[in-house]
Amino acid sequence: MRAVAVANTNIALVKYWGKRDTRLNLPAVGSLSLTLEGLTTRTEVRFDASLGADRLRLNGAPADERALGRVSRLLDLVRSEAGVTAKAEVTSANDFPTAAGLASSASAFAALALAATRAAGLSIDERALSVLARRGSGSAARSIFGGFVRMHRGDDHDATGTSAFAEPLVAAAGWQPCLVVGVTSQKAKETLSTDGMTHTAETSPYYSAWIGTSEADLAVAERAIATGDIETLGRVTEASCFAMHASALAARPAVVYFRGATIDGYHAIAELRKSGTPAWFTCDAGPHVKALTDLENAEKVAARLAEVPGVLSTRICRPGPAVRIVEGTS
Ligand code: PMV
């Protein structure tokens with residue numbers, strides 16, 4: 001009853017920010033992302049009847065209570081579906097520096113969902129796996145798939161949450177989009193995305209305006225991906241990011257993820273664009289700068305971001321693969 005899965009992280013181009021149901025972890029809006037090559041989480045799950053409680057090791061050290069609680073809740077769903085009562089030992093590690101604070105819950109819960117279901121002897125399809133991963137983290141539903149991915153917000157009358165799933169999008173042939181990540185320094189601990197989005201929904205006067213941007217942005221982005229129109233995809237990526245952050249900035253008190261390097265990174269990207277290089281800014285629940293571009297221009301964008309004060313390192317990510325089992329017995 002052991003399995004090991006690997007999942008790649010993803011970056012939302014059209015963002016998710018806000019929950020409409022916290023128990024089922026249903027998103028207030030749909031979202032659209034790119035799964036990234038090279039940023040992965042490897043998770044081993046072993047069910048063991050001799051354990052008195054679930055155990056979790058993250059990047060070589062015992063995890064804190066909050067992380068263990070989130071993992072146990074996902075394992076409980078798998079146990080009840082599979083009729084397994086044994087507790088589990090979960091060992092998870094990222095292949096990118098955790099200190100860098102890049103989004104890891106997406107790859108972590110995608111890998112956990114696949115490893116746990118396989119270790120419990122369950123065989124479920126990708127859509128059900130995406131629904132399960134969503135219970136751990138909204139963005140994890142998208143990391144079940146490779147490349148461009150669309151997450152559906154789901155049906156308001158769905159009491160089980162099975163209509164809120166992700167699915168892969170077919171991109172225009174021959175297209176080579178890239179995401180350049182600029183890792184910035186992290187002086188303060190960030191507000192976790194769950195806390196930040198809940199506080200935004202409860203207190204921001206701009207929250208409903210943000211929600212109102214989502215459907216149209218998703219439709220524009222989907223069309224741009226189908227036709228390989230990076231210009232349109234880039235514009236909507238930047239707009240969705242700033243609308244999301246604007247809603248968080250207007251929360252009371254404000255939720256501010258930007259640091260100086262984030263803003264300087266934005267200006268560097270905007271200047272590159274003015275001089276003819278296709279590059280658009282995005283940023284998540286942390287200070288790191290991300291730029292959507294294409295393979296041809298990725299080195300140039302990375303070199304420019306590396307010059308921004310406070311950007312410690314850069315990484316060029318091509319589209320990455322779907323979650324997969326790398327070792328497993330059941
Ligand atoms: O999956 P969560 O609960 O960590 O939330 C993700 C929130 C953002 O990364 C800011 C946006 C997104 O759609 O990934």
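Each ligand, and each atom within it, is numbered from 1 in the order the structure gives. Values reported hereafter were calculated over all heavy atoms of this structure, with side chains retained and with hydrogens, waters and symmetry mates removed.
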TODO: Determine the interplanar angle of the F165 and H152 rings, folded into 0 to 90°, and report it as parallel if under 30°, tilted if 30 to 60°, perpendicular if over 60°.
DONE: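 Ring orientation, 0 to 90° scale: tilted.
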Residues [X] and [Y] bridged, charged N to O under 4.0 Å:
X	Y	answer
D48	R46	yes
R304	E307	yes
R70	E65	no
K15	D217	no

Any atoms of ligand 1 less than 4.0 Å from a non-hydrogen atom of [X]? List them with their elements.
X	value
S193	2 (P), 3 (O), 4 (O), 5 (O)
R142	12 (C), 13 (O), 14 (O)
A12	12 (C), 13 (O), 14 (O)

TODO: May I ask whether M197 has any heavy atom positioned less than 4.0 angstrom from an atom of ligand 1?
DONE: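 Yes, M197 has heavy atoms under 4.0 Å from ligand 1.
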Open item on the list: Using heavy atoms and a 4.0 Å limit, tell me yes or no: is S105 in contact with ligand 1?
Closed with: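 It does, in that a heavy atom of S105 comes within the 4.0 Å cut-off of ligand 1.
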Return yes or no for this condition: an N or O of [X] is under 3.5 Å from an N or O of ligand 1.
X	value
K15	no
W17	no
K19	no

TODO: Report yes or no: does R135 contribute a side-chain atom to a donor-acceptor pair with the main-chain N or O of L74 at less than 3.5 Å?
DONE: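 Such a contact is absent between R135 side chain and L74 backbone.
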